[in-house]
There are 2 protein chains.
Amino acid sequence: MSVSLDQLQAFVVAAETGSFSAAARRLRKAQSAVSTQISNLEEDLGLALFSRAGRSPSLTPAGERLLLEARVILDRREHLIGVARSFEAHVEQRLVVAIDEIYPEQAMAEVFAEFARHFPHVELELLFPMMEDVSRLVLTGQADIGVMWRQEILPTELGFQTLGWVPIKMVCGKQHPLANVRVDWEDLKRHRQILVAARNDGPEKQRLRVAPEVWWVESHWVILQLVRQGIGWAFVSSHVIKASPVAADLAIPELQFDDFDLPVAVELVWHKQRPCGPAAKWLRERFAAIRI
Amino acid sequence: MSVSLDQLQAFVVAAETGSFSAAARRLRKAQSAVSTQISNLEEDLGLALFSRAGRSPSLTPAGERLLLEARVILDRREHLIGVARSFEAHVEQRLVVAIDEIYPEQAMAEVFAEFARHFPHVELELLFPMMEDVSRLVLTGQADIGVMWRQEILPTELGFQTLGWVPIKMVCGKQHPLANVRVDWEDLKRHRQILVAARNDGPEKQRLRVAPEVWWVESHWVILQLVRQGIGWAFVSSHVIKASPVAADLAIPELQFDDFDLPVAVELVWHKQRPCGPAAKWLRERFAAIRI
DNA sequence: ACTCATCTATCTGAAATTTAGATGGCAACT
DNA sequence: AGTTGCCATCTAAATTTCAGATAGATGAGT
């Protein structure tokens, strides 16, 4: 059988250390063993991986290209061993998390980066259900965990925990009539408001509605594009505004009223009756530990 | 060294054939060799891959999961050998193709599906440069091949070949004033036209402009969303209209004039002075062979 | 120019691994 | 009950891998 994992490992370590001798030391093998393995690999593949022109071998173009492939294979082999290890530890094999767009992306990215380090062999699916209710996904079992903004009433089957509050800003285009004034409630009512569309009706759809004339758009990104064009104004969480490519073309005028409850609560939800594995448990605790 | 490719192969073939004996026959090895390899693999991984309760072994849950990983590793090993083979054949390692959105996606998908079969080890990068000139990408070497609509003058360094003609339709919202009339030239001028925005100015930016009042939008998809809202009308290629989720809400009124050159030519472009490898050659011939 | 250190390739013999073949025990089928 | 096909175990042989010794080449330092 040609091309063994040992050969690939000798090849990769030699490339990384810069010499067969150093690779042999790293692998705790005789230098000749490494030399022979690499020579055999080159014979099996039918090309040179290293040029031996000088004292130190250097990778050929083919060697550089195949190094990437070899690394992938060795990584996958480690991954397979890791998957086997996770069976021993009874860690979930797969986790589905539904997250509303309102959760700050940076904090989320940090959570999942750490999750990846802790549970490298758990298959993760992240849903961003713009057009679906996060709590319903968790209720029906389509998601294991949900992160969403507060609804008036959650089904009693769901457990929840408040993670924090996300500030919402009123935003419009720089040429919009409201761009350079201190905006009051009547001002907001007089101009078209652009709201996030949800495909299922519910109280959350009307939650931030102020104006009688509204547009519904299915993406915050497109909302900001439209707002930039002066078509209307919108309430958008500040992290979404920051992340938008058109942020520089937007105005965030000052509001005259202070009693409007602009920050909205962000909740973590899960199904009380479904058992929680170590990965889901870790994730819940990690979300809860981060103040947003 | 634990977990060898031979072990993984014995495992995968045994899973596929349903028995160690059949795997041994497939692999032209003694049945005991296969049995031993699988047992050694299970010992290395620390878990059972097969249940031996009956006469035929059956995969355990761990075995089913690890079978997927093992297959990936064996596939990657074959891929590595394939990459080595492509070096022998002097096939390009990488190809960048810039394609204007006007090229019908279905035909393109078929071309690249076939390309993937012919050149499985060529790294392909597809650019859809909405905001950049395809011919300039090819001229500057950022793309090896370009597919674009005809410009008035191409730089002399570029070779080109006409692939065909794409019909362009005038489209508006169903509530737009032009929706239910036979539209003439003056009608078009009187209403806002929405055009594809390009970040660099050039003659192609104004190519389809008819109306004095225009909007520029960076995406055909968003153009159609805006057209649907009755904000204006647009010229859009018919395959883009068909692919849009809002196609049902659009009107395509009949035009009174017949001499307008609505179909636009689609060109394949390449740099005359840059050598063309077998993968690029194949791709050019394949694009040329498809009538659109 | 000389010396020294480090490198790779080759060779030999030993160790480790893999394999084929024989065999026993078990399950499923007829 | 008899037959067939399977897996696990054992033994001996074949193959592969390895360590260690060695020769020759290269590069750095003096």
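Not measured: the values here are computed from a predicted model.
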Whether [X] contacts [N] is assessed here as follows: a side-chain N or O lying under 4.0 Å from the phosphate OP1 or OP2. Is that the case?
{"X": "A:R52", "N": "C:dC7", "result": "no"}
{"X": "A:S21", "N": "C:dT8", "result": "yes"}
{"X": "B:S35", "N": "D:dC7", "result": "no"}

In whole angstrom, what separates [X]'s [atom1] from [N]'s [atom2]?
{"X": "B:F50", "N": "D:dC7", "atom1": "CZ", "atom2": "C1'", "value": "12 Å"}
{"X": "A:I38", "N": "C:dT10", "atom1": "CD1", "atom2": "P", "value": "14 Å"}
{"X": "B:L49", "N": "D:dC7", "atom1": "CG", "atom2": "P", "value": "14 Å"}
{"X": "B:L5", "N": "C:dT17", "atom1": "CG", "atom2": "C1'", "value": "16 Å"}
{"X": "B:E42", "N": "D:dA8", "atom1": "CD", "atom2": "C1'", "value": "12 Å"}
{"X": "B:F20", "N": "D:dT9", "atom1": "CZ", "atom2": "C1'", "value": "14 Å"}
{"X": "B:L41", "N": "C:dT17", "atom1": "CG", "atom2": "C1'", "value": "16 Å"}

Q. Considering all heavy atoms of both residues, which atom of A:P61 and which atom of B:F87 are nearest to each other, and what is their separation?
A. O-CZ, 3.8 Å
Q.
Quick check: closest heavy atoms across A:A23 and A:V34, and the distance to 0.1 Å?
A. CB-CG1, 4.2 Å
Q. What string of B, S and - do you get for nucleotides 17-27 of chain D, 5' to 3', when a contact is any protein heavy atom under 4.0 Å?
A. -SBB-----B-
Q: Walk me through it: do A:Q37 and A:L41 pass the test side-chain contact (heavy atoms from CB on, under 4.5 Å)?
A: CA-CA 6 Å; A:Q37 285 197 325; A:L41 179 59; over 6 Å; no
Q: Kindly assign one of parallel, tilted or perpendicular to the pair B:F11 and B:F50, based on the angle between their ring planes and the thresholds 30° and 60°.
A: perpendicular
Q) Does atom CZ of A:F160 have more than 12 heavy-atom neighbours, drawn from other residues, nucleotides or ligands, at distances under 6.0 Å? A) no
**Q.** Minimum-distance nucleotide to A:T36 side chain [options: C:dC7, D:dT9, C:dT10]
**A.** C:dT10
Q) Of B:K272, B:Q273, B:H271, which meets side-chain contact (heavy atoms from CB on, under 4.5 Å) against B:L158? A) B:H271
**Q.** Sub-4.5 Å side-chain heavy-atom contact between A:R286 and A:H118
**A.** no
